[in-house]
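Computed from a predicted structure; not experimentally measured. A note on names: the letters A, B, ... follow the listed sequences, proteins ahead of strands, and every chain is numbered from 1.
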Amino acid sequence: MRSFILKRLLLAVPTILGVVTLVFFLIHIVPGDPVTLMLGDYATKREIMQMRHELHLDKPLSEQYVLYLDNLLHGNMGTSLYYKKPVLAIVLQRFGYTALLALFAMVLALLISIPLGVWSAYRQGAWVDKIIAGASILGVSLPNFWIGILLILIFSLRLNLLPVAGAQSPLSIILPGVTLAIGMSAITIRMVRANMITALQHESFTASLAKGISIRRTLFVHALKATLIPVITLVGMQFGLLLSGAIITETVFSWPGMGRLLVDSVMTRDYPLLSGTVLVIALIYVMVNLITDILYFVVEPRMRKTL
Amino acid sequence: MRRIGATGILLFILIFAGIAAPVLSPYNPRKQILSLSFHAPSVSSPMGRDALGRDIFSRVLYGIRTSLFIGFTVVLISLSLGVTVGGMAGYIGGFPDAVFSRVIDILMAFPGLLLSIGIAGIMGPSTLNIIIALCAAGWVGYARYTRAMVISIKQRDYIVSATAIGKNRFTILFTDILPNIIEPLIVEASFGIGIAIVSEASLSFLGLSSPSTPSLGRMLSEAISVINVSPWMALFPGLTLTIIVLLFNDIGERIRKIYER
């Protein structure tokens, strides 16, 4: 067990280094001069020279790379051009909002998809199953920014029940959370259904019924077992979807998280902030994947050989 | 053919609408008539008009065209690149495969659209940049899938014997191994087109597409601030986008079922 965790941690090192390198090169794919683009057409030559010096763009590429790594190791991701503050501080300030939104959406998605998935499996082939299957394919196909716009139109503007945007009130999280949860539930329902069907065919299910344990209780116990793995997969695999969905959803609802920050940095051509935000989001994703792999290892002994 | 059914017919109509957009659209999608701004749907403009008085129905038709063009292009490039690179890595093995697997791990470390947003955000808004940004992230999935399939197939007896009689390695890869995985790849690709279309719409929703190209995502982002005044500006482009993606997902599902039989 300890050796597995150690091995997994060591494997993450080259990945993290690769991610850092790729993000470092992002700013170098700008067609033309990034400094002129950032400062705009009215910048003086002196300002351009100064900025180039501040970003170390006047040094050879190899030297820039070493400087970049050195700075990162000291927690320095540069300074935002727009906010005039350290990038890391700004990103971390927004992290809480994204984490809160992601957690809320995830819990909501599980509350929707576990019962529906179990029900759908239990009534396999019946109309309930078909309706749920139809709803889930629709849910996967609905672009989340469109769901978001429709929810704003219905619940904020027409019914006046929930705030349109921002994060001022505790109710503000509901609409962006629901938006994110819809797409996630659609996928999770299928996963739960498939696992539950296998669980229902297992002898232990029939045995439990034969022992006189009520159908409701048997379903509940089996459902818990069948959904444990999807829950972990959801946290891991779909966390990526969630993060990337959060970028769009936060923009629709002006939710002050990292996704919104990323989009704002694109709009203001704040390249240090842009690459810093991309890096932080990717690193969070790597960490979550690492934790999921380890959790898998703990709960599912059968997976140990394949990892 | 019956199993493709209604979805196939609808998809055909959709692709036709996209190709024939210049002929089918009643107005020039870029023509601004400010006196008609925010005009509600009517007989002459069935989907209404936007803030600049442009005809939404014409813009939706051109938007379908943009979506399909980018969706197909991205999948075609990603698929070719992914199958070639992944196939060679899996077949050759050893050091090249080890390097390849690292690269895959690194690219997979960027969730969903993040890498594309980073690339398109830095390169600036244009159709070409969107295609580059989506391919840069999109080929990885096909490459990983192909690699895994090739590794499992190359140990089969007929491949071993083809190698033993001295058949050229690339001939084996392209004529003996890859045709075996073409069916699952077609399924992946049809889901991939749906994903690429949503991704394109997402990038243009974030303002990363060229402002002069009518795009469903950009139409939605223009609609959001005036949604209370003219809901049709969001309703029709969003509905169209959903239908397109739904059709590609459904066709993927159907093709998979056909192959599974």
Side-chain angles (χ1 to χ4, degrees), chain A residues 11-12 14-19 21-23 26-32 34 37 137-138 140-150 152-153 156-158 239-245 247-248 251-252 259 262-263 265-267 269 271 274-275 277-279 281-286 288-289, chain B residues 102-126 129 132 136-137 191 194-195 197-199 201-203 205-208 216-217 220-221 223-224 227-229 231 233-235 237-250 253:
Chain A
L11 268 174
T15 310
I16 291 173
L17 193 67
V19 167
T21 310
L22 199 66
V23 171
L26 262 186
I27 201 165
H28 293 277
I29 58 167
V30 178
L37 273 173
I137 196 165
L138 182 69
V140 176
S141 309
L142 279 168
N144 50 13
F145 43 95
W146 195 50
I147 303 179
I149 295 175
L150 292 182
I152 290 179
L153 181 65
S156 309
L157 299 171
R158 293 290 143 97
F239 193 78
L241 269 181
L242 198 63
L243 278 176
S244 129
I247 300 173
I248 313 281
T251 310
V252 174
L262 176 70
V263 175
S265 73
V266 170
M267 297 309 144
R269 296 205 164 277
Y271 291 150
L274 196 162
S275 57
T277 315
V278 170
L279 185 61
I281 298 179
L283 291 182
I284 291 172
Y285 187 47
V286 172
V288 170
N289 274 336
Chain B
R102 289 291 88 182
V103 172
I104 293 283
D105 279 351
I106 293 163
L107 289 172
M108 289 296 223
F110 293 88
L113 275 177
L114 183 66
L115 190 61
S116 302
I117 292 176
I119 294 174
I122 280 197
M123 290 176 76
S126 88
N129 290 347
I132 295 174
F191 288 122
I195 294 170
I197 287 174
V198 175
S199 308
S202 306
L203 292 183
F205 178 77
L206 298 178
L208 294 168
L216 299 171
L220 283 171
S221 80
I224 193 168
I227 179 85
N228 213 12
V229 189
M233 275 176 68
L235 214 55
L239 194 63
T240 312
L241 186 62
T242 308
I243 292 173
I244 298 179
V245 179
L246 193 62
L247 287 177
F248 278 106
N249 282 343
D250 191 51
E253 210 58 70

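In terms of heavy-atom pairs under 4.5 Å with chain A, the best-connected choice from B:A120, B:A223, B:G118, B:G217 is B:G118. Top candidate by heavy-atom pairs under 4.5 Å with chain B, chosen from A:V19, A:T251, A:V266, A:T21, is A:V19. Residue with the most contacts toward chain A among B:I244, B:L220, B:I243, B:I197: B:L220 (heavy-atom pairs, distance under 4.5 Å). Between chain A and the residues B:I117, B:L239, B:L208, B:I119, the largest count of heavy-atom pairs under 4.5 Å involves B:L239. Each of A:L26, A:V23, A:V286 has some count of heavy-atom pairs under 4.5 Å with chain B, and the biggest count is that of A:L26. The choice from A:V252, A:I152, A:L242, A:L150 that makes the most heavy-atom pairs within less than 4.5 Å of chain B is A:V252. Ranked by heavy-atom pairs shorter than 4.5 Å toward chain A, the options B:L241, B:D250, B:I227, B:L247 are led by B:I227.
Heavy atoms closer than 4.5 Å to chain B are found in the side chain of A:V263, but not in its backbone. For a residue to count as touching a neighbouring chain, one of its non-hydrogen atoms must lie under 4.5 Å from one of that chain's; by this rule A:L138 touches chain B with backbone and side chain alike. Residue B:L235 touches chain A through both its backbone and its side chain, counting heavy-atom pairs closer than 4.5 Å. Of the two parts of A:L22, only the side chain, counted from C-beta on, holds a non-hydrogen atom closer than 4.5 Å to a non-hydrogen atom of chain B. For a residue to count as touching a neighbouring chain, one of its non-hydrogen atoms must lie under 4.5 Å from one of that chain's; by this rule B:P125 touches chain A with the side chain only. Using a 4.5 Å cut-off between heavy atoms, B:I195 does not touch chain A at all.
Between A:L274 and B:G121 the shortest heavy-atom distance is CD1-C, 4.4 Å.
Proximity of B:V198 to A:W146: side-chain heavy atoms (C-beta onward) are nowhere separated by under 4.5 Å.
Atom CG of residue B:N228 and atom CG of residue A:L153 lie 7.0 Å apart, to the nearest 0.5 angstrom. Taking OG of A:S265 as the reference point, atom CD1 of B:I122 lies at 8.5 Å (rounded to 0.5 Å). In this structure, OG on A:S244 lies 8.0 Å from CG on B:L114, to the nearest 0.5 angstrom. Between the OG atom in B:S202 and the CG atom in A:N144 there is a gap of 6.5 Å [rounded to 0.5 Å].
A side-chain hydrogen bond (donor to acceptor under 3.5 Å, both in side chains) check over residues 112-121 of chain B, counting only residues at least two apart or in different chains, returns nothing.
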Could you give the side-chain donor-acceptor pairs of residues 102-113 of chain B under 3.5 Å, partners two or more places apart or in another chain?
| residue | atom | partner | partner atom | Å |
| --- | --- | --- | --- | --- |
| B:R102 | NH2 | B:D105 | OD2 | 2.8 |

Kindly determine whether A:I149 and B:F205 satisfy side chain to side chain contact (heavy atoms under 4.5 Å, CB included), including the steps that lead there. CA-CA 12 Å; A:I149 295 175; B:F205 178 77; 4.3 Å; yes
